[in-house]
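Note that these values count all heavy atoms, side chains included, but never hydrogens, waters or copies made by symmetry. Along the sequence shown, residues carry numbers from 1.
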Amino acid sequence: MDTILITGASSGYGRRTALHFHARGWQVVAAVRTPRPDALPVSESLRVVELDVTRPESVAAAFEAAGPVDVLVNNAGIPAIGVFEGTPMSRVREVFETNTFGAMATTQAVLPGFRERGSGVVVNVTSSVVLGHMPLSALYKASKAAVEGFTASLALELAPFGVRAATVQPGACLTTNFARQATADGAAGAVPAPYAEWADRAMAGFTSQDLFTTEEDVAEAVWRAVHDTTGQLRFPAGADAHRLAEAR
């Protein structure tokens, strides 16, 4: 039975992806920063491990506890909506530590085993912000665009060893804790006064768009990425993400 480790699995896309694979007979390792007993069902084929992707000692301990895995899904991330001028550099570093460097750290943890075994898949969850020009997302897009570039080159490095890497690009989903936090941050966070009127219009346009993504859209896209045999590198997830991808 194949084993998948999913970071950021306590809610949103990560939780739905864990449930999606679990329902299809996979062994699931749900990696979460703060374990909660009610976050996921109790099952012999679903384990929860504590993992803070920004701490090297936590990464090492989590992967030792997980044991060998066949698939790594880097889903852990933090939102960042706001005007860049008003964003402290401390926040910039915080976002990159989780969204970019965290994904790199966990990837590096599994690669020796994947390479030696001659199989394995790394799926990095990025965002549809990389597919178009969106306001209030300079920092978030930068962190996710870096992961896109990282994954594209990584896929070439790993191909000779039978190991694959791909990205899943979710569109906008308004039903996750991640989305609620991002919206709150955008409304009350890094928006200097001269930008306020424009930022309000931008946020209103975002929340009133006609197409959105669901958590299940993302879980299904991860499933497709894991099972792909065509060499596809990027997998848009959700109707809005697909529309952006087709418009490029």
Note to self: Just verifying a value: how many Å separate T126 OG1 and N74 CG, rounded to the nearest 0.5 Å?
What the structure shows: 11.5 Å
Next item on the list: Carefully, step by step, assess V53 and F101 under the rule side chain to side chain contact (heavy atoms under 4.5 Å, CB included).
Entry: CA-CA 8 Å; V53 299; F101 305 145; over 6 Å; no
Checklist line | Student check: side-chain heavy atoms of K141 and H133 closer than 4.5 Å | finding: yes
Checklist line | From CE (M89) to CZ (R93), nearest 0.5 Å | finding: 4.5 Å
Next item on the list: Apply side chain to side chain contact (heavy atoms under 4.5 Å, CB included) to the pair V122 and R164, showing each step before the final yes or no.
Entry: CA-CA 6 Å; V122 177; R164 295 191 294 111; over 6 Å; no
Note to self: Between R201 and E197, does any side-chain N to carboxylate O distance fall below 4.0 Å?
What the structure shows: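 Looking at R201 and E197, the cut-off is met.
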Next item on the list: Working to the nearest 0.5 Å, report the span between CD of E215 and CZ of R15.
Entry: 9.5 Å
Note to self: Let me confirm one number: the CD-CZ distance from E97 to R55, rounded to the nearest 0.5 Å.
What the structure shows: 12.5 Å
Note to self: Any heavy-atom pair between the side chains of F21 and D2 that's under 4.5 Å?
What the structure shows: no
Check: Is the number of heavy atoms from other residues, nucleotides or ligands under 6.0 Å of E57 CD greater than 12?
Finding: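 Correct, the count exceeds 12.
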Note to self: Using the rule given for side chain to side chain contact (heavy atoms under 4.5 Å, CB included), can you reason through I78 versus R91, listing the C-alpha separation, both sets of side-chain angles and the distance that settles it, and then say yes or no?
What the structure shows: CA-CA 11 Å; I78 55 177; R91 178 62 171 170; 4.0 Å; yes
Notebook entry, point to check: Do other residues, nucleotides or ligands put more than 12 heavy atoms under 6.0 Å from the NE2 atom of H227?
Noted result: yes
Check: What is the minimum heavy-atom distance between V163 and F114, and which atoms define it?
Finding: CG2-O, 3.6 Å
Next item on the list: Kindly indicate whether the side chain of V125, heavy atoms from C-beta on, has any atom under 4.5 Å from the side chain of T167.
Entry: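 The answer is no, as the side chains (C-beta and beyond) never meet within the 4.5 Å cut-off.
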Next item on the list: State whether D210 and R243 are salt-bridged, where the test is any N-O pair (Lys NZ or Arg NE/NH1/NH2 against Asp/Glu carboxylate O) under 4.0 Å.
Entry: yes
Next item on the list: Find out if a path of hydrophobic residues (ILVMFWY) with successive side-chain heavy-atom gaps under 4.5 Å connects L5 to V147.
Entry: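 No: no chain of side-chain contacts under 4.5 Å links L5 to V147.
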Next item on the list: Spell out, yes or no, whether W198 and I81 are grouped together once hydrophobic residues are joined by side-chain heavy atoms under 4.5 Å, including indirect joins.
Entry: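 In one cluster with W198: I81, yes.
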Next item on the list: Say whether, by atom type as modelled, one donor and one acceptor occur between the side chain of D228 and the main chain of A225 under 3.5 angstrom.
Entry: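 Side chain of D228 to backbone of A225: no pair is present.
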Note to self: Donor-acceptor check, side chain of T214 to backbone of D217, threshold 3.5 angstrom: yes or no?
What the structure shows: yes
Checklist line | Pairwise side-chain contact, Y13 with I6, heavy-atom cut-off 4.5 Å (strictly under) | finding: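 No, too far: nothing below the 4.5 Å cut-off.
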Item checked: Check against side chain to side chain contact (heavy atoms under 4.5 Å, CB included), Q169 and F235 -> CA-CA 6 Å; Q169 303 163 322; F235 292 79; over 6 Å; no
Margin query: Testing the basics here: between V168 and A237, what is the closest heavy-atom pair and its distance to 0.1 Å?
Written below: CG1-CB, 4.0 Å
Next item on the list: Kindly work out whether a path of hydrophobic side-chain contacts (I/L/V/M/F/W/Y, heavy atoms less than 4.5 Å apart) joins V123 to L233.
Entry: no
Margin query: Quick check: do T3 and V71 have side-chain heavy atoms less than 4.5 Å from each other?
Written below: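 A side-chain contact is absent here, since even the closest heavy-atom pair is not under 4.5 Å.
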Check: Looking at A80 and V95, what are the two nearest heavy atoms and their distance?
Finding: CB-CG2, 3.9 Å
Note to self: The test is side-chain hydrogen bond (donor to acceptor under 3.5 Å, both in side chains); show your working for D240 and T213 and say whether it passes.
What the structure shows: CA-CA 7 Å; D240 52 333; T213 295; 2.6 Å; yes
Checklist line | Test item: V110 and T106 side chains (from C-beta on) under 4.5 Å apart, heavy atoms | finding: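 They are not in side-chain contact.
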Notebook entry, point to check: Side-chain contact, heavy-atom cut-off 4.5 Å: N124 with T107?
Noted result: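 Answer yes - side chains close enough.
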Notebook entry, point to check: Quick check: does any side chain N or O of S58 sit under 3.5 Å from a backbone N or O of D52, one acting as donor and the other as acceptor?
Noted result: yes
Item checked: E148/R234 ion pair, N-O < 4.0 Å -> yes
Check: Does the side chain of Y140 come within less than 4.5 Å of N99's, by heavy atoms?
Finding: yes
Check: Could you state the interatomic distance from CZ (F96) to NZ (K144), rounded to the nearest 0.5 Å?
Finding: 10.5 Å
Note to self: Does the plane of the ring in H20 sit parallel, tilted or perpendicular to the ring in W223? Use 30° and 60° as the thresholds.
What the structure shows: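 Plane angle over 60°, so perpendicular.
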Checklist line | Smallest separation among heavy atoms of V83 and P192, with atom names | finding: CB-CD, 3.8 Å
Item checked: Heavy-atom pair of closest approach, residues A30 and L40 ->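 Looking at all heavy atoms of both residues, the closest pair is CB-CD1, 3.4 Å.
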Notebook entry, point to check: Is the distance between the ring centroids of W26 and H22 less than 6.0 Å?
Noted result: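 No.
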Next item on the list: Could you pull out the closest heavy-atom pair between A145 and V130, with the gap in Å?
Entry: N-CG1, 3.8 Å
Checklist line | Distance in Å, L158 CG paired with S153 OG, rounded so as to fall on 0.5 Å steps | finding: 10.5 Å
